[in-house]
Amino acid sequence: MGRIFFLLLIFVFAAYGGNIRLKEPPKEIGKFYPPKSEGYVFVDLMHALSLSVTGTVVSVREEDWKNAEKWSLKLKENYLKVGRMVKKWDKILRKEAVNELVDGIKEKNLEKIQQNLKIIGKSCIQCHKNYKVSTRVIYRFPSFHAVYVEDPVSGFEIGFHEYMKKMTDDMKKLKVYLLDGKKRKAVKSGVRFIKRFEVLKQSCSDCHSSKDSEDIYFGRKVRKGVVMIRNGLKNWEIRKIMRGLKNIGIHNCTKCHNTHIIQAELQERFKKR
Amino acid sequence: MIWIVLFLSFLFAGCDTVKDVFVEKDLLERPESKRCGECHRLIYNQWMRSRHSKSWTSEDYRKKTESYRKVKCFNCHIPYQVDTLKEPDFRKEKREDGIGCVSCHFKDETGSIHGGYNVFSPPHPSRKDPDYKKSDFCGGCHKKSYQQWKISGSKKSCQECHMPPKKEYLIQKFPFKYFHLKKDLHDHSFLVPVPDEKYFELKLNIGKDTVTLYIKNIRIPHSVPTADNGKPKYYIRGEFFKNGRHIHSENYLITSKDPIDYMKTRSVDFYIFEDFSHFKVTIERKLSWKKKKEKILELIFRKEDILFSQ
């Protein structure tokens, strides 16, 4: 019986090992991200901490002890600040190691320095492994739930997900009607698709406001795709319409989905919890 | 009584000393707009009606920035000091004031109020600054519209259309009201005039399956709709009629991303699904913050006239 239980345990762990788990970060970290704070305060701290680690390591390697001490004191300050900002994480900080590191540098004791840097580094890795992705997903990425689009077909303002669904439906219907040779229906779906696709641009630029970023997702090739569909519908050139759709698919849909869809889906899952 | 005090002060103390006596120091510490409104009531009331007064408190802005999450919007929504062709820094205090009086008119460099006139103003030092009548002054925030205007080569400044002047007193509070003669007071509600059919040139063409509308913006020296942010829209509606019976209609939404540029022709196709006798074109607009559309033009064409004009 014991053996079976042991085998079952191994099986469960082996199966579990194949999954990726993300831990939800402590709620208090939200205080350091917009809108509760102005700017990304916690991210700034992480950057400062990372810089002080590099400063310490580089200076120690070059035996520049004066700067090594300066950087290690910054490292200590930033490291301890993590615990002051997020109380739950205060317990997992290796405070004795960070003090020992500063002492090691003062004593120019390479072994002590190396040993304590390793301990500190491990604590960073552990925390990042558990929380880095989830914190980014929840607090760093903007939410698509806040995006509303005025539908040029119905005239109503609708949520982004609903809008995307309607637009995709138009595109699929256009393909179906083209393949089935139903011209009138294909024209109607095609016109609706173009209208919705063009209006989408105004919503994307809520965040991507510069001309350069606009050119990435609504650049020359995408505009060409729209013209091809429009002219294809007008002159009933099915191949041209299909090529236009392909252009848009490659240079717009895929690009944006690859950039946004994973974090948007993850964010949704966290929100549902 | 105040006149006597003023007269005697000038007589015995000289201009510089009197200037210091009458300075109201809080006016030099970037007060809220309502403080300016105590004297400049007319301008204050106009500003209260403007979008500038709501640039921070507007519900639309709150929603679109995910409750003020987008810090990059702050510079122009709560500017500390607006300078010509320079994106301002944002301020940390009195944010509810939005783009308030001092954002545009108080300059740290001179510690005085800048504006279009050189006036005697005992409560605060004033300076005449010709930039206030130039489009360049708006260009630091309204970058896109400014660029479009610049390309248009128009001689008309932003202020001429959006801040039309009217002869009024600068100040409404007694006795300061009578310190100056009536002057051209520029409207601080920042109007967005509604264009009409004179602003656009329309042409129609009938193809095999479509009626194509060609529309040209001939009088507004920037694209329409125009915006760096926000979602202003133009709506073009084409309706087909046969002997008075409505048979088919199609709406197009024009955004600031693909606008109708100044002096450029934009085409829109309307598919013909049935024979028709008349075609009606309606153009409307909706400003970013408005819920209702405003009509710009409505024209009805006979099919014969369209064919004849080709």
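The chains referred to below are lettered A, B, ... by the order of the sequence lines, with proteins before strands, and numbering in each begins at 1.
For a residue to count as touching a neighbouring chain, one of its non-hydrogen atoms must lie under 4.5 Å from one of that chain's; by this rule B:P225 does not touch chain A. B:F90 touches chain A through its side chain: at least one heavy atom from C-beta onward sits under 4.5 Å away, while N, CA, C and O do not. Only the side chain of A:K195 comes within less than 4.5 Å of a heavy atom of chain B; its backbone N, CA, C and O stay farther away. Both the backbone and the side chain of A:E150 come within less than 4.5 Å of a heavy atom of chain B. In this structure, chain B has no heavy atom under 4.5 Å from any part of A:S37. With a 4.5 Å cut-off on non-hydrogen atoms, B:F273 touches chain A through its backbone and its side chain both. The contact between B:S67 and chain A is made by backbone and side chain atoms together, counting heavy-atom distances below 4.5 Å. For B:K231, the parts lying near chain A are the backbone and the side chain together; criterion is any non-hydrogen pair under 4.5 Å. Contact annotation for A:R230: both backbone and side-chain heavy atoms come within less than 4.5 Å of a heavy atom of chain B. Only the side chain of B:D269 has a heavy atom closer than 4.5 Å to any heavy atom of chain A. Only the backbone of A:Y148 comes within contact range of chain B, judged by heavy atoms closer than 4.5 Å.
Your options are B:K64, B:K143, B:K63, B:R95, and the one with the most heavy-atom pairs under 4.5 Å with chain A is B:R95. Counting heavy-atom pairs closer than 4.5 Å to chain B, the top residue among A:P142, A:G39, A:C207, A:S203 is A:P142. Most heavy-atom pairs under 4.5 Å with chain A, from the set B:K70, B:K233, B:K208: that is B:K233. Listed options A:Y139, A:W236, A:F218 were ranked by heavy-atom pairs under 4.5 angstrom with chain B; first place goes to A:Y139.
In the displayed structure, A:K183 atom NZ is contacted under 6.0 Å by more than 12 heavy atoms of other residues, nucleotides or ligands.
Each of B:L213, B:D261, B:I254 was scored for a side-chain contact (heavy atoms from CB on, under 4.5 Å) with B:R266, with one residue passing: B:I254. Shown are B:Y61, B:W56, B:Y68; of these, the ring pair (Phe, Tyr, Trp, His ring centres under 6.0 Å) with B:H77 is made only by B:Y61. Shown are B:E93, B:R91, B:Q81; of these, the side-chain contact (heavy atoms from CB on, under 4.5 Å) with B:R30 is made only by B:Q81.
Ring geometry for B:F240 versus B:H248: interplanar angle under 30°, hence parallel rather than tilted (30 to 60°). Between B:H142 and B:H52, the two ring planes are parallel [angle under 30°; tilted spans 30° to 60°]. Under the 30°/60° scheme for interplanar angles, the aromatic rings of A:Y33 and A:Y40 are found to stand perpendicular.
Not one N or O on the side chain of B:E284 forms a donor-acceptor pair closer than 3.5 Å with the backbone of B:E294. The backbone N or O of B:P88 sits less than 3.5 Å from a side-chain atom of B:N75, completing a donor-acceptor pair.
Using modelled atom types and a 3.5 Å distance limit, the side chains of B:S223 and B:T226 yield no donor-acceptor pair.
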